[in-house]
**Student:** 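Before anything else, here's the structure in question.
Just so we're on the same page: letters track the sequence lines, and every chain starts at 1.
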2 protein chains.
Amino acid sequence: MRSKQPTIKEIAKRLNISVSTVSRALHDHSSIGLRTKTQVKQLAKELNYEPNQTAIFFQQRKTFTIGVILPHLAESFFSEAISGIEDVTYKNKYTVLLGQSHDDVEKEKQLVEKMKIHRVDGMLISISKNTATYEHFEMLKKANIPVVFFDRIPKVQDIHYVACNMISGTMQAVKFLLEKGHRVIGLLNGPENLFACKERQEGYVQALIKNRIKFDPSLVVNTDLSPEGNIKATKELLAHKRKVTAIVVFNDYVAMDAMHYAHQQKIKINKDVCFVSYANLPFTHYLKYCPMASVEQYPYKQGQKATEMLLELLDKNEEEAAPTNYKIILDSQLVVYNG
Amino acid sequence: MRSKQPTIKEIAKRLNISVSTVSRALHDHSSIGLRTKTQVKQLAKELNYEPNQTAIFFQQRKTFTIGVILPHLAESFFSEAISGIEDVTYKNKYTVLLGQSHDDVEKEKQLVEKMKIHRVDGMLISISKNTATYEHFEMLKKANIPVVFFDRIPKVQDIHYVACNMISGTMQAVKFLLEKGHRVIGLLNGPENLFACKERQEGYVQALIKNRIKFDPSLVVNTDLSPEGNIKATKELLAHKRKVTAIVVFNDYVAMDAMHYAHQQKIKINKDVCFVSYANLPFTHYLKYCPMASVEQYPYKQGQKATEMLLELLDKNEEEAAPTNYKIILDSQLVVYNG
DNA sequence: CTGTTAGCGCGTTCAT
DNA sequence: ATGAACGCGCTAACAG
């Protein structure tokens, strides 16, 4: 379909020189006469010549494309993260192949397969909330395609990843509530197989211990992140025999459901029960019910760092480097809303 | 870096047959003996053979990749649209190369260039709000790369596009308000140079005419979409000498500012003054102030349709078809919230 | 039914 | 300073 595009062969023919001369001239090779060099370049411009990247990709066994798989862009965390990814890739002559898993493991597998077939040079992945087996990632390893996981990372050892340490932010959140006088603080956590949930709980427990408050496991409930699950979990916490006066919630989406439900139960939001959440939404101040504070997870930065790491790996890879595992862990941080 | 991967040549050598036989066997070519066919396939599986797509792309002058350029994924309209795009592309063995212009014309141009170089088979574009010149798109035409614009389309004739007709939805919105008894209805519109704004006004006027109400131009005000502009416009409408009892607002973001300001002025939202908006936000029901109704613009569907159109063009292109221009115009539709 | 061969466009030795 | 020739992996036209 685009057969009319000029090639170096065409240029060579017109100038009565060889293709290799043209190739070298175009690349400013030192051993080409200035005269032929300018000659070639001018004709190239005239003909609107553009190197055929697909040929180069093929020849160099490299596509300068990185595959990105994440749950869904509708979540603003991920749409911000991908901006970070894009910005770094495009600065480095790479390009982004996109795929949303929509939190479906099967879809995730298909995407991995598709991108592998498409010969991406490397991948950035944030796993679906249901991903519990990792063969499809192992496969990539075997195929020698570097992967950097970000934010939602699998629970295995030998991987590269960038994540946000939820412990610090959670500890700050609990401390914030303790200082406000709360003693019975619930943790409305997400799916247990997510690493970040483990960390939330760890931060929660550590903050309690640090303040000499006994950890009560029954104050921790999990949701599968579905609206029904969110409400069920909230219900459970609010019905706890000890009167829960504050809840640390997995994220803003869950928090909205939780606060909505609480309101329906005639509970005064952030008075009878205080809510603290983890930042996902950009519009919290326009919401009917807004958490008192929020743990920031720096999506843009995570995207950036993960991409930088991947590009570094791609460089290294060419030199057949040792298989060290890289990790970058950012500290999450509590932001208190004054609205 | 991935040189260990087996090729058909390798398979051929091991089986002492020719590469073309292997190729054909793998493709279930009719003229290959069942015996060799199974033989080849088995060895392929054993060796974990996978065709090198880059070679195929190169050879077939096709990348099965489509470039998508849109302003920003953070706007939920676009993140939904891209889901529609993805779903169709992935069903058709294509893949999505992503780029956000962030409403920056320069960035948009760079992306077009980059994707062209990457030899995408076609492109889906929603232009930045500042795009006023179209040379970078002309270039694509010359390079014979089909483009389908969606939602935000350039003001030129010879393009393919999918868009949503704002007239129908706006008429429904005004009709809805008229039926509620409103007679003085304001239109808080966006920048006049946007096509979609023209359509909003047209729908507004048509609905009034249809109901034999005189169109009063002073009831139409425009905002530049900045928070200050939004408030200024709202102020102007609320101060109108005729008492405005309902306002049709450009979009949810503007509506939030408008309702917020109105509330500050002791105006009871959707009682003293009713608001109707155009859907951008997925969470309207979680908002502090929610418009009574909203004009739906079907982002997912637009994405789908645009992609289908592009894929069709790609098919056609191979047969060197006539350069007709395709358009699909969906009707926007009013959705009344019952919350 | 199967093998041989010729590209696809480019970079890259190896000659000259 | 330049050219000839090869190969990347695959498909397809042509020959048996």
**Student:** Is A/K9 near enough to C/dC8 that one of its side-chain N or O atoms lies under 4.0 angstrom from OP1 or OP2?
**Tutor:**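 For C/dC8, OP1 or OP2 has a side-chain N or O of A/K9 closer than 4.0 Å.
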**Student:** Should the ring pair B/F78 and B/H72 be called parallel, tilted or perpendicular, given that the plane angle runs from 0 to 90° and is split at 30 and 60?
**Tutor:**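 B/F78 vs B/H72 ring planes: perpendicular.
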**Student:** Can A/S23 and A/S20 be counted as having a side-chain donor-acceptor contact under 3.5 angstrom?
**Tutor:**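 Result is no, nothing qualifies.
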**Student:** For DNA chain C, find the residues of residues 11-26 of chain A with a heavy-atom distance under 4.0 Å and give them by number; none if there aren't any.
**Tutor:**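 Residues of residues 11-26 of chain A that come under 4.0 Å of DNA chain C are, in numerical order, A/S20, A/S23, A/R24.
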**Student:** Quick one, A/E138 with A/K142, criterion salt bridge (Lys or Arg N to Asp or Glu O under 4.0 Å). Give me CA distance, side-chain angles, the key distance, then yes/no.
**Tutor:** CA-CA 6 Å; A/E138 290 300 326; A/K142 270 184 212 143; over 6 Å; no
**Student:** Can you list every pair that meets salt bridge (Lys or Arg N to Asp or Glu O under 4.0 Å) and has a residue in residues 46-59 of chain B, with sequence neighbours left out?
**Tutor:**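 Listed once each, the pairs are A/K116-B/E50.
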**Student:** In whole angstroms, how far is the C1' atom of D/dT11 from the CG atom of B/N52?
**Tutor:**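 To the nearest whole Å, that distance equals 13 Å.
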**Student:** Of B/Q59 and B/L34, whose nearest nucleotide on DNA chain C comes first from the 5' end?
**Tutor:**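 Per heavy-atom nearest nucleotide, the more 5' residue is B/L34.
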**Student:** Could you check whether B/E108 and B/H136, counting side-chain N and O atoms only, form a donor-acceptor pair closer than 3.5 Å?
**Tutor:**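 Yes, B/E108 and B/H136 have a side-chain donor paired with an acceptor closer than 3.5 Å.
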**Student:** Roughly how many Å is it from CD in A/Q39 to P in D/dA1, rounded to a whole number?
**Tutor:**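 Between P of D/dA1 and CD of A/Q39: 15 Å.
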**Student:** Tell me whether A/F58 is stacked on the nucleobase of C/dC10, counting only the six-membered base ring and applying the 5.5 Å and 30° thresholds.
**Tutor:**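 No; centroid distance or tilt outside limits.
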**Student:** Is A/T36 touching bases, backbone alone, or none of the nucleic acid, heavy atoms closer than 4.0 Å?
**Tutor:**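 It contacts sugar-phosphate atoms only.
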**Student:** I want to check a possible cation-pi pair here: B/K62 against B/F64, using under 6.0 Å from ring centre and within 45° of the ring axis as the test.
**Tutor:**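 Because its charged atom sits under 6.0 Å from the ring centre and within 45° of the axis, B/K62 does stack over B/F64.
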**Student:** In whole angstrom, what separates A/E10's CD from C/dC8's P?
**Tutor:**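 Nearest whole value for this atom pair: 12 Å.
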**Student:** We want to know whether B/N52 and B/T54 form a side-chain donor-acceptor pair, criterion being a heavy-atom distance below 3.5 angstrom.
**Tutor:**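 B/N52 vs B/T54: donor-acceptor pair found between side chains.
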**Student:** Figure out the CD/P separation between B/Q60 and D/dA12, and round it to whole Å.
**Tutor:**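 Checked: the CD to P distance equals 6 Å.
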**Student:** Nearest-Å distance, NZ (B/K62) to P (D/dT11)?
**Tutor:**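 Atom NZ in B/K62 sits about 15 Å away from atom P in D/dT11.
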**Student:** From CG of B/D28 over to P of C/dC1, roughly how many Å is that when rounded to an integer?
**Tutor:**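 After rounding, the reported distance stands at 14 Å.
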**Student:** Map A/P51 and B/K37 onto DNA chain C by nearest heavy atom, then report which one ends up closer to the 5' terminus.
**Tutor:**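 Looking at the nearest nucleotide for each, B/K37 comes out on the 5' side.
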**Student:** Could you tell me whether A/F57 contacts a base, only the sugar-phosphate backbone, or nothing, with contacts defined as non-hydrogen atoms closer than 4.0 Å?
**Tutor:**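 Contact class for A/F57: none.
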**Student:** Roughly how many Å is it from CD1 in A/I56 to P in C/dC8, rounded to a whole number?
**Tutor:**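 It works out to 16 Å between those atoms.
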**Student:** Distance check needed: C/dT12 P versus A/I8 CD1, whole Å only.
**Tutor:**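 Atom CD1 in A/I8 sits about 11 Å away from atom P in C/dT12.
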